[in-house]
Amino acid sequence: MLEGILVGLSTAFSISNLLMVIGGCLIGTFIGMLPGLGPMSIIAIMIPVAISIGDPSAALILLAGVYYGAIFGGSTSSILINAPGVASTVATSFDGYPLARQGKAGKALTVAAIASFCGGTIGAILLMIFAPALASVALLFHSAEYFALMVVGLSAIAAFAGTGQVAKALLMTFVGLMMATVGEGALFNMPRFTMGVMDLQSGFGFITLAMAMFALPEAIYLVLDPSRSNSDTGGEIKDLRITKAEAKSIAPVIGRQSIQGFLIGVLPGAGATIASFLGYAVERNIAPKEEQEQFGKGSIKGLAAPESANNAACTGSFVPLLTLGIPGSGTTAILLGALIALNVSPGPRLMIDQPEIFWAVIISMYVGNVILLILNLPLIPYIAKVLAVPRTFLIPFILFFTLMGAYIGQNNATELLILVGLGVAATVLRFADYPLAPLLIGFILGSMLEDNFARSMQLYDGIGFILERPMTMGLLGLASLLVILPSYRARRARLRAEGVADAD
Amino acid sequence: MTKLNLTRRMIMTAAVAAMGFAAPALADGHKVVDSIHFLIPGGAGGGWDGTARGTGEALTGAGLVGTASYENMSGGGGGKAIGYLIENAASQHGTLMVNSTPIVIRSLTGVFPHNFRDLTLVAGTIGDYAAIVVGKDSPINSMSDFIAAYKADMKGTAVGGGSVPGGMDHLVAAMVMKAAGEDPTALKYIPYDAGGKAMAALLSGEIAALSTGFSEAVDLANAGEVKIIGVTADARVDAAPDAPTMVEQGLETTFVNWRGFFGAPGLPADKVAMYQEALTKMYDTPEWEAVRARNGWVNIHNSGDDFKAFLEEQEQVIGDLMKELGFL
Amino acid sequence: MALDRWIALIILMISLVYGYTAFFTMDGGLPPFMQRNPIWPSTFPKMLSVLTIVSALIILLGIEKSDDEIKPSEINYRRLTEYKLGQALMLLGLMVVYALLLRPIGFLAATFGFLVLGSAILGERRYGVLALVAALAAGIVWYLVQQVLGIFLSPWPTFFAVGG
């Protein structure tokens with residue numbers, strides 16, 4: 001192994017390859033900020049450039065730089081304008097945007113950068129040591145377990161079910177799940193609930209819904225109430241640095257979520273989005289009560305958890321890719337295409353036949369992460385300054401970005417009308433204090449939930465799979481624990497506050 | 001195919017696809033068409049996208065076409081782009097739309113209101129056979145093994161695929177079962193939304209066999225993950241000479257998933273002839289050979305009336321089969 | 001009735017229609033081979049519609065005990081007219097117009113118009129700066145997306161872009 005690492009290191013640290021990483025990171029970061037262009041499309045776009053380089057190691061190093069850059073860029077738009085461009089950064093905006101609203105945009109970006117860096121780096125180390133051993137873990141989960149995992153992911157909505165808000169959070173989740181059933185699914189040969197609208201035949205678009213639920217209502221709020229933008233976020237970007245106490249509080253979160261995220265990423269049917277929701281849900285539920293209440297309102301723990309989890313998961317998804325040749329996510333599927341075009345076939349034989357490629361990939365991840373951190377930390381104050389642009393300019397640009405996210409690469413103008421319509425509906429929901437995040441979580445997890453449930457039902461000819469598969473039961477048990485535990489604790493606290501004798 | 005399925009093969013075509021606009025070569029000597037605008041009925045990264053961009057790359061690289069541009073228009077599982085081409089026919093004389101077997105299947109199921117007759121048929125250019133694969137450690141080594149296993153345990157022998165039930169992969173599996181004299185509607189078909197997930201399910205033992213595209217199966221077999229137990233070609237294919245055909249195993253099943261190009265309705269005859277000429281000449285160029293080999297495509301060229309006859313026959317065969325299977 | 005109950009009522013109506021479709025009309029078109037499956041396209045929607053109806057009713061009937069102290073919402077919708085409602089509505093209208101004109105007049109003109117009018121609605125009066133910024137932004141985004149990334153964005157009005 002040591003030999004392999006050395007070969008990988010010497011490859012990665014040549015001048016030309018370092019330039020590749022730097023170029024890749026910069027390109028990835030800037031394009032990744034545009035909503036609508038996630039890591040997957042950016043990598044697809046960069047692949048011809050990578051292939052024209054010819055040398056597989058150099059090409060992979062470039063792509064790794066682009067990949068990490070894109071993930072980082074995606075978090076930026078989530079934090080600054082509440083516009084998550086890809087599903088895995090939705091959880092980032094839960095706490096990242098509130099932080100930015102409190103004038104802590106710089107700090108939020110720093111936390112995100114560091115959490116991403118740690119997630120990616122710890123993931124790379126785990127990948128390096130355990131990749132061959134984890135290959136079998138990747139195949140441990142059947143559809144039944146994936147179904148249970150989605151249920152665990154749904155428990156993240158508990159974070160938005162405050163006192164007296166439980167029914168509202170649930171209702172929003174169900175509406176999200178209902179919206180996920182619109183259009184053609186993977187499982188049925190007819191589109192459902194399209195009401196005859198052709199544009200709904202493929203269902204609601206993720207970007208459209210994310211923009212309509214998060215970015216657009218926020219922009220409308222900024223318009224309605226001008227004091228919102230000026231007093232809170234305008235002017236100075238305070239607090240760029242993370243204090244020692246803050247560092248201490250997020251370090252265990254980052255550590256736990258890097259490992260948890262990595263393991264979820266290893267599963268080909270889960271991926272970074274599930275990892276980020278699970279990371280958020282778990283960290284919220286194990287946090288002390290006073291910190292728990294901060295989740296969703298600008299908790300740095302709530303920001304660090306999904307950021308480290310989704311980066312570690314991205315790294316984890318390389319396990320099935322490199323050891324089994326199975327792409328677990330859209331992005332790794334594109335990378336697989338690139339590898340094949342470069343005459344590298346990932347699979348069980350890769351480590352034996354072409355060890356230098358295997359190590360170059362891992363080392364390039366590591367280098368990509370480091371370079372990204374070095375490049376971006378000094379840039380953060382300037383990126384955060386975006387919010388200091390006068391509102392007469394900023395707001396039209398936010399609206400324009402929102403529209404572009406739904407339009408780029410689709411060229412379907414009707415999507416924009418759907419976006420505006422849903423955005424108005426979302427704003428009205430916000431007026432009445434309905435939380436919007438559960439709707440989006442329900443929508444994102446909905447189709448995976450239903451698909452895996454349906455597959456299990458078909459394979460086991462009925463609901464019996466829950467009893468037949470102990471791991472499914474275990475995961476479902478975990479999900480109920482995650483939901484019940486906090487409400488039990490809250491109840492006990494309330495009883496105590498009311499002076500009722502503590503029976504237990 | 002029906003949605004943006006990110007199977008290995010498609011991603012690869014996407015990868016290559018993206019090269020289309022990176023190829024600036026303009027050898028002007030034997031130019032046939034000044035410019036072509038490719039309309040792609042799905043998003044960037046799908047199989048249609050790869051076909052259009054790969055074809056454009058070869059055409060411009062070989063100098064047969066001056067410039068190529070690409071427009072992705074998703075919506076309605078491809079129906080949006082078809083509708084757009086028909087509604088704006090008069091201004092779309094410079095446009096070619098890429099499409100494939102699902103246009104036939106989906107017109108039959110009524111998913112979209114139009115069918116291929118509403119468009120001007122230019123040419124079918126490439127194709128891919130279908131294949132049934134099993135995991136490398138599976139005790140099943142041939143179609144007869146598979147059918148024996150299926151007869152022994154019908155409920156436990158599920159076949160997976162990347163299309164919806166009633167879609168292409170399911171259809172192929174059902175055709176095979178029918179040829180084996182089994183009740184094709186009794187087959188347990190489990191749909192997955194992406195090739196990677198279906199592969200993981202095969203290797204983890206959730207499904208017994210996988211119905212997939214041949215070129216994708218070849219990649220997987222080369223990686224040492226799967227055994228190909230049946231191909232829907234007439235004769236063994238060079239890319240994988242060890243893979244037996246369905247026909248040689250006594251199962252009369254052949255199937256080709258074609259991809260080709262369509263023009264707007266009422267496209268003038270001289271324009272049609274020009275596009276057809278460019279596409280015909282393309283097959284002899286080294287640029288096309290490079291693109292084709294990289295993607296593992298099979299040249300299946302049907303121009304004009306041949307294309308029409310081919311599509312009508314396929315519509316007939318698939319339509320009959322779907323009725324028989326109760327898919328319609 | 002408070003706004004949140006009105007919303008619950010509307011969602012209730014939608015889920016009733018949704019549930020009706022799932023329970024009574026969807027299964028009619030199910031092809032015979034799928035009727036053998038233990039799960040139908042309508043199974044999940046059926047469960048969902050029941051859950052949605054129940055939770056909408058909980059809100060509508062006020063069954064869940066909510067806090068006595070109603071936390072002040074960030075924006076009080078009862079006094080919506082005291083906010084910049086006109087600007088917000090005009091911007092939304094502008095977005096609709098943008099969506100409708102984007103294809104007919106092309107990306108560059110539509111975007112330029114959107115950015116200039118959007119800023120003007122918000123009270124920006126430095127038209128020179130405005131025009132410059134809008135033109136630059138439209139041009140740069142188009143150049144990046146179309147030329148650098150190779151993703152098609154029709155820049156000009158359709159009538160003189162025959163053949164793209």
Can you say whether [X] sits under 4.5 Å from chain A via the side chain, the backbone, both, or neither, judging by heavy atoms?
X: Ile58(C); result: side chain
X: Trp6(C); result: neither
X: Val17(C); result: neither
X: Arg126(C); result: side chain
X: Met47(C); result: side chain
X: Leu51(C); result: both
X: Ser15(C); result: both
X: Ala120(C); result: neither

Only pairs of heavy atoms separated by less than 4.5 Å count here; which of [options] has the most with chain A?
options: Ala137(C), Gly118(C), Ser55(C); result: Ser55(C)
options: Ala99(C), Ala88(C), Pro38(C), Pro41(C); result: Pro41(C)
options: Leu80(C), Leu100(C), Val116(C); result: Leu80(C)
options: Leu85(C), Ile7(C), Ile10(C); result: Ile7(C)

Flag the one option from [options] with the top tally of heavy-atom pairs under 4.5 Å to chain C.
options: Ile220(A), Leu417(A), Val175(A); result: Leu417(A)
options: Met178(A), Met457(A), Gln458(A); result: Met178(A)
options: Leu224(A), Leu429(A), Leu419(A); result: Leu224(A)
options: Thr173(A), Leu170(A), Leu177(A); result: Leu177(A)

| message | For Phe400(A) and Tyr98(C), take the angle between the two ring planes, folded into 0 to 90°, and tell me which bin it lands in: parallel under 30, tilted 30 to 60, perpendicular over 60. | response | perpendicular
[Y] side chain reached by [X] side chain, heavy atoms, under 4.5 Å:
X: Asp4(C); Y: Asp433(A); answer: no
X: Phe174(A); Y: Val50(C); answer: no
X: Leu216(A); Y: Met95(C); answer: yes
X: Pro226(A); Y: Tyr83(C); answer: no

| message | Between the side chains of Lys84(C) and Asp225(A), is the shortest nitrogen-to-carboxylate-oxygen separation below 4.0 Å, so that they form an ion pair? | response | no
About how many Å separate [atom2] of [Y] and [atom1] of [X], when rounded to the nearest 0.5 Å?
X: Leu222(A); Y: Leu91(C); atom1: CG; atom2: CG; answer: 11.0 Å
X: Met172(A); Y: Thr52(C); atom1: CE; atom2: OG1; answer: 10.0 Å
X: Arg103(C); Y: Leu416(A); atom1: CZ; atom2: CG; answer: 11.0 Å

Name the region of [X], side chain, backbone, both or neither, that has any atom closer than 4.5 Å to a heavy atom of chain C.
X: Phe393(A); value: both
X: Leu394(A); value: neither
X: Met195(A); value: neither
X: Leu171(A); value: both

| Is the OH atom of Tyr127(C) crowded by more than 12 outside heavy atoms at less than 6.0 Å? |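 Buried by this count: over 12 neighbours within 6.0 Å.
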| query | Does Thr392(A) offer a backbone N or O that forms a donor-acceptor pair with the side chain of Ser119(C) under 3.5 Å? | reply |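 Checking the backbone N and O of Thr392(A) against the side chain of Ser119(C), a donor-acceptor pair under 3.5 Å is found.
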| task | Grab the two heavy atoms, one from Phe114(C) and one from Pro396(A), that are nearest each other, plus how far apart they are. | result |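 Heavy atoms of Phe114(C) and Pro396(A) come nearest at CE2-O, 3.6 Å.
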| said: Evaluate Leu449(A) against Phe44(C) for side-chain contact (heavy atoms from CB on, under 4.5 Å), listing each step before the verdict. | reply: CA-CA 10 Å; Leu449(A) 187 77; Phe44(C) 197 64; 3.7 Å; yes
| query | Which residue, Val424(A), Val223(A), Leu399(A), forms the side chain to side chain contact (heavy atoms under 4.5 Å, CB included) with Leu92(C)? | reply | Val424(A)
